[in-house]
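So you know, we letter chains A, B, ... as the sequences are listed, proteins then strands, and number each from 1.
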Protein chains: 2
Amino acid sequence: MQQLLAKYGKITDLLEEEAETFRSLASTKREFEAGEVLVASELQSPDQLYIVDDGRLFASMELRNGERAITRLYFPGDIMGTANIPFDHATQTITANTASSMYIFPRSNLVDAFTRLPRIAAIFYTFAALENAILNDRLVSIGRTRGRARLASLLLEIAAREHLVECDDPNICRPALTQEQIGDAIGLTTVQVSRLFKELTTQKLIKRRDGNVELLDPTALQDLGLFRNRYEDLDLDWFEEDF
Amino acid sequence: MQQLLAKYGKITDLLEEEAETFRSLASTKREFEAGEVLVASELQSPDQLYIVDDGRLFASMELRNGERAITRLYFPGDIMGTANIPFDHATQTITANTASSMYIFPRSNLVDAFTRLPRIAAIFYTFAALENAILNDRLVSIGRTRGRARLASLLLEIAAREHLVECDDPNICRPALTQEQIGDAIGLTTVQVSRLFKELTTQKLIKRRDGNVELLDPTALQDLGLFRNRYEDLDLDWFEEDF
DNA sequence: CGAACCTTTGAAGTGACTCAATGCGTGTGG
DNA sequence: CCACACGCATTGAGTCACTTCAAAGGTTCG
């Protein structure tokens with residue numbers, strides 16, 4: 001919950017009442033094991049929203065032909081399940097990729113929160129819009145750049161997201177994903193991901209050591225991956241003034 | 001404005017007060033010519049939101065290498081500019097692809113609407129979540145399927161969106177896009193789009209006549225494109241009950 | 001009628017895929 | 001404590017989808 005408040009507090013100063021609402025919104029906490037599936041696509045009515053307390057998770061969609069795509073990575077402080085809200089069945093599967101703990105609340109809790117505190121509604125809306133912008137970026141990356149650029153972009157995104165809450169070296173990231181999962185996230189096969197890792201490594205752009213990836217030349221990677229850190233660009237003055 | 005109210009009314013019965021708020025939210029109406037740019041990416045502070053009254057528009061992002069990606073197509077009744085809301089500069093360019101007219105309002109108008117009528121907030125949040133789900137679908141399509149499937153999926157999406165407000169033959173769609181723009185939307189080159197159109201045509205899946213595309217075998221196209229019409233799956237009971 | 005733009009087609013090149021084998025690290029049971 | 005199995009990463013060879021480059025054919029509009 002600290003991460004969430006930190007993340008939201010980063011964009012606007014929360015009133016005590018609002019912070020309290022966030023806390024009460026998510027009263028139930030649950031642990032999940034690595035590999036456990038929280039929301040099974042198509043199977044489940046998406047009544048729940050989740051706020052990540054700790055761990056790494058991802059949202060994915062299966063295709064009829066057995067292939068899988070990973071549409072989103074989740075870090076502590078993230079709200080999960082947004083894309084399922086307006087539907088009568090889940091549109092994506094959420095999987096805990098490491099041991100994780102999270103706060104759970106039914107989407108109907110939002111009704112009360114939105115009614116009592118319109119700024120909460122604005123915050124949720126804003127984060128949905130942010131998620132939108134990030135999805136746009138990924139669409140561009142996957143649709144219009146080659147594998148090298150896509151991998152660079154993903155690594156930068158992971159580094160940026162990790163750095164947002166865990167304040168360690170911004171140039172070291174821990175994908176916590178197999179190469180198959182990375183492929184699912186950027187639209188490539190395992191084989192190709194492996195080759196690209198090798199390529200970036202021999203070009204001294206990155207360095208790998210037991211699951212960590214060090215970004216040796218962040219500037220070059222940013223040029224290559226055309227990456228924009230959307231979290232840096234946030235601006236919420238528009239709803240500050242009048243509420 | 002009729003389309004907007006129809007679209008929103010489709011998911012929940014609007015109270016007169018709410019319908020009134022929607023109307024007053026968007027008091028200014030403007031016309032744009034075909035080809036005109038409404039929001040220039042990076043250049044502009046994204047203070048405006050738009051509701052499409054008539055015409056066809058698209059959102060795009062430019063890459064430094066000169067390539068372009070189209071991230072979203074807009075139809076009458078759509079709200080545009082959502083992905084720009086939380087930022088101090090626009091993240092995407094919006095272009096009127098045909099002569100268009102739309103309602104314009106500053107994002108700060110949302111503050112008042114959210115405060116007075118929390119259901120309006122819920123509606124906006126819901127549509128952001130829907131947009132999210134659609135972006136996820138496109139990510140899967142572009143990242144994990146071949147050109148034939150992507151084109152099929154795009155055509156089905158356009159047909160579904162057109163049919164939502166303009167109630168004509170659901171199996172005829174009017175992309176109103178050049179093949180270059182189609183390529184930008186599904187991550188292919190003009191050349192390949194042309195070849196794929198030919199392929200789908202000779203396979204008797206589609207038929208083209210002066211800018212229209214007839215879907216000769218919608219079922220086969222759906223199997224091919226793995227398309228889900230998200231608008232059909234909407235479920236907003238969750239905020240009906242308690243507001 | 002001509003210019004501009006869009007579409008189509010061909011030929012050659014390339015990034016990524018598939019298939020398949022090997023290597024590597026870790027945990028488990030004999 | 002070794003042998004083995006299992007999951008993951010790497011590498012090679014052949015193929016395919018799509019790209020690039022280039023030219024020609026169609027449409028539309030002034």
Report the distance from atom [atom1] of [X] to atom [atom2] of [N], rounded to the nearest whole Å.
| X | N | atom1 | atom2 | value |
| --- | --- | --- | --- | --- |
| B:D210 | C:dC6 | CG | P | 17 Å |
| A:F197 | D:dA9 | CZ | P | 9 Å |
| B:E180 | D:dT20 | CD | P | 12 Å |
| B:R209 | D:dT27 | CZ | C1' | 17 Å |
| A:L177 | D:dG7 | CG | C1' | 16 Å |
| A:L188 | D:dA9 | CG | C1' | 16 Å |
| A:R195 | C:dG15 | CZ | P | 13 Å |
| B:E199 | D:dC16 | CD | C1' | 13 Å |

Of all the nucleotides listed ([options]), which has the minimum atom distance to the side chain of [X]?
| X | options | answer |
| --- | --- | --- |
| B:R208 | C:dT18, C:dT9, C:dT8 | C:dT8 |
| B:Q179 | C:dA11, C:dC17, C:dT7 | C:dT7 |
| A:R146 | D:dC18, D:dT19, D:dC8 | D:dT19 |
| A:T178 | C:dA16, C:dT7, D:dA9 | D:dA9 |

| Are B:E131 and B:R72 within salt-bridge range, i.e. N to O under 4.0 Å? |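 Salt bridge flag = yes for B:R72 with B:E131.
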
| request: In plain terms, say whether B:D137 and B:R228 are close enough for a salt bridge, that is, a side-chain N and a carboxylate O under 4.0 Å apart. | output: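 No.
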
With a 4.0 Å cutoff (strictly under), does any side-chain N or O of [X] reach OP1 or OP2 of [N]?
| X | N | value |
| --- | --- | --- |
| A:S194 | D:dA9 | no |
| B:K198 | C:dT9 | yes |
| B:T189 | D:dC18 | no |

| request: Describe the nucleic acid contact of B:Q192 in one word from base, sugar-phosphate, nothing, applying a heavy-atom distance below 4.0 Å. | output: base

| request: Check A:Q92 against A:M61 and note the closest heavy-atom contact, atom names and distance. | output: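 Taking A:Q92 first and A:M61 second, the nearest heavy atoms are CB-CG, 4.0 Å.
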
| field | Closest non-hydrogen atom pair, B:T126 against A:P86 | value | CG2-CB, 3.5 Å

| Taking for each residue the nucleotide of DNA chain D bearing the nearest heavy atom, is the 5' side occupied by B:V191 or by A:V191? | A:V191

| said: Just checking B:R209: does its CZ atom have more than 12 heavy atoms from other residues, nucleotides or ligands closer to it than 6.0 angstrom? | reply: no

